[in-house]
Number of protein chains: 2
Amino acid sequence: MVVGSISEDEVDRLFRALADATRRDIVARVLVAEYSVSGLAELYDMSFAAVQKHVAVLERASLVTKEKRGREQIVRGEMDGVQNARRLLDDYERIWRRRVDRITDILAEDAEDEH
Amino acid sequence: MVVGSISEDEVDRLFRALADATRRDIVARVLVAEYSVSGLAELYDMSFAAVQKHVAVLERASLVTKEKRGREQIVRGEMDGVQNARRLLDDYERIWRRRVDRITDILAEDAEDEH
DNA sequence: GTAACGTACAACCACATGGTTGTAGGAAGC
DNA sequence: GCTTCCTACAACCATGTGGTTGTACGTTAC
């Protein structure tokens, strides 16, 4: 594993947080620009409290951070969280490639056995 | 978006499927070698039915495929599914980099305004 | 000071999820 | 044939999730 510092629970939270279209949209938006929680809430056809919960889920997954500014709470995208998730999937791809290489090797040995 | 052919529901299923440690372990294993469902069930401290459900979740997320062989059902890792997930995260990184580039441009313009 | 705004949080509801046990059916072994 | 193995699926239960409304509190504006 490349990302050894991240616990299974954290990975659970990470992927769980990404498994909702509204939350993915929030992440995409706050990676581009800053939004207050209420600013985000205006964008979706649901209550403020619902959006607030989504932001909380993303925050627990380290995909966004909140910073108090006056009476507003500014939400920013946390690229590290996204990269962690991406690296985990890279690990799977690496595992798979190793397998493919191994099979290729075996086939090569078999070919040598032929003669 | 790079992966335009994949629906929001499919993305939901994809990340949802990856948001469980047992399921991630199953994916990692079946990417390396073939397992029957009962072969997988032996590995975990839970009922056969529970493992069967996990496999079903992974199958619906296109992360594994099942193939009947005799009385067994062989589970194989589906690398395309993993790559789809990874590409989605690449999109976020791309969004973020565009933003960083844009900010860098603005800063450069400001620097020119200085003199 | 007071009204309006932005946020936090609790309580509640419907529904999905992760687990269990039990039942049933097809394939392999004897 | 009969038994055993592997699988599928239904029913059930506890818990979590995504949504709602209502209440409370700090901050800004007037």
Side-chain angles (χ1 to χ4, degrees), chain A residues 7-30 33-77 85, chain B residues 7-30 33-77 85:
Chain A
S7 74
E8 288 294 287
D9 276 8
E10 285 172 313
V11 181
D12 284 7
R13 279 197 294 274
L14 197 51
F15 284 124
R16 192 79 190 69
L18 288 168
D20 180 281
T22 304
R23 285 197 292 264
R24 285 193 301 275
D25 192 68
I26 291 175
V27 170
R29 286 179 185 275
V30 298
E34 294 180 348
Y35 282 85
S36 66
V37 180
S38 57
L40 285 170
E42 287 172 12
L43 302 170
Y44 308 102
D45 187 26
M46 64 181 75
S47 68
F48 171 81
V51 175
Q52 201 182 5
K53 276 193 186 181
H54 281 308
V55 173
V57 170
L58 291 170
E59 198 181 10
R60 261 178 280 142
S62 304
L63 284 167
V64 307
T65 54
K66 280 194 300 188
E67 187 197 342
K68 200 161 184 172
R69 195 158 70 193
R71 66 182 160 185
E72 289 186 326
Q73 199 79 264
I74 303 301
V75 184
R76 286 200 191 81
Chain B
S7 75
E8 288 294 284
D9 276 8
E10 285 173 312
V11 181
D12 284 7
R13 281 198 293 273
L14 196 50
F15 284 124
R16 191 80 192 68
L18 288 168
D20 180 282
T22 304
R23 285 198 292 263
R24 285 194 300 275
D25 192 69
I26 290 175
V27 170
R29 286 179 184 275
V30 298
E34 292 179 350
Y35 283 85
S36 66
V37 179
S38 58
L40 285 170
E42 287 172 10
L43 301 170
Y44 309 101
D45 187 26
M46 64 182 76
S47 69
F48 170 83
V51 174
Q52 201 181 5
K53 277 192 184 181
H54 281 307
V55 173
V57 171
L58 290 170
E59 199 181 10
R60 261 178 280 141
S62 303
L63 283 167
V64 308
T65 52
K66 281 194 300 188
E67 188 196 343
K68 200 162 185 172
R69 194 159 70 194
R71 66 180 162 186
E72 290 185 328
Q73 198 80 263
I74 303 300
V75 184
R76 287 200 190 81

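For the pair A:Leu58 CG and D:dT17 P, the interatomic distance rounds to 13 Å; values are reported in whole Å. Separating the CZ atom of B:Arg69 from the C1' atom of D:dC5 is a distance of 16 Å, rounded to the nearest angstrom. Remark: P of D:dA8 and CD1 of B:Ile74 are 11 Å apart, rounded to the nearest angstrom. As a whole-Å value, the separation of A:Asp12 CG from D:dT17 C1' is 15 Å. Regarding A:Glu72, its CD atom lies at a distance of 14 Å from the P atom of D:dT27, rounded to whole Å. Note: CD (B:Glu67) to P (D:dC6) measures 18 Å, nearest angstrom. When the C1' atom of D:dC5 is taken as reference, atom CD of B:Gln73 falls 14 Å away, rounded to whole Å. Separating the CZ atom of A:Arg60 from the C1' atom of D:dT17 is a distance of 11 Å, rounded to the nearest angstrom.
When the options B:Glu42, B:Arg23, B:Met46 are evaluated for a side-chain contact (heavy atoms from CB on, under 4.5 Å) with B:Val51, the one that passes is B:Met46.
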Return the polar atom pairs (N/O with N/O) between nucleotides 19-23 of chain D and the protein under 3.5 Å, or none.
| unit_1 | atom_1 | unit_2 | atom_2 | d |
| --- | --- | --- | --- | --- |
| D:dG19 | OP2 | A:His54 | NE2 | 2.2 |
| D:dG19 | N7 | A:Lys53 | NZ | 3.1 |
| D:dG19 | O6 | A:Lys53 | NZ | 2.2 |
| D:dT20 | OP1 | A:Ser47 | N | 3.3 |
| D:dT20 | OP2 | A:Ser47 | N | 2.8 |
| D:dT20 | OP2 | A:Ser47 | OG | 2.5 |

Do any N or O atoms of the protein come closer than 3.5 Å to N or O atoms of nucleotides 24-27 of chain C, and which pairs are they?
none

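The side-chain heavy atoms of A:Glu34 and A:Glu72, taken from C-beta on, include no pair separated by under 4.5 Å. For the pair B:Arg24 and A:Asp12, the minimum side-chain heavy-atom distance is below 4.5 Å. Looking at B:Ile26 and B:Tyr44, their side chains come closer than 4.5 Å, going by heavy atoms from C-beta outward.
Rounding to the nearest 0.5 Å gives a distance of 7.5 Å between CG of B:Asp25 and CG of B:Leu43.
One finds a side-chain N or O of A:Ser38 lying less than 4.0 angstrom from the OP1 or OP2 phosphate oxygen of C:dT7. The shortest distance between the side-chain N/O atoms of A:Gln52 and the OP1/OP2 oxygens of C:dC9 is not below 4.0 Å. When the side-chain nitrogen and oxygen atoms of B:Lys66 are compared with OP1 and OP2 of D:dT7, none of them lie within a distance under 4.0 Å.
Taking every heavy atom of both residues into account, A:Asp20 and A:Thr22 meet most closely at OD1-N, 2.9 Å. The two residues B:Arg13 and B:Ala61 have their closest heavy-atom pair at O-CB, 3.5 Å.
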Query - Worked check of side-chain contact (heavy atoms from CB on, under 4.5 Å) between A:Lys66 and A:Val75 - result: CA-CA 5 Å; A:Lys66 280 194 300 188; A:Val75 184; 4.1 Å; yes
Requested in this report: Apply side-chain contact (heavy atoms from CB on, under 4.5 Å) to B:Leu40 and B:Val30, showing your working.
Outcome: CA-CA 9 Å; B:Leu40 285 170; B:Val30 298; 4.2 Å; yes
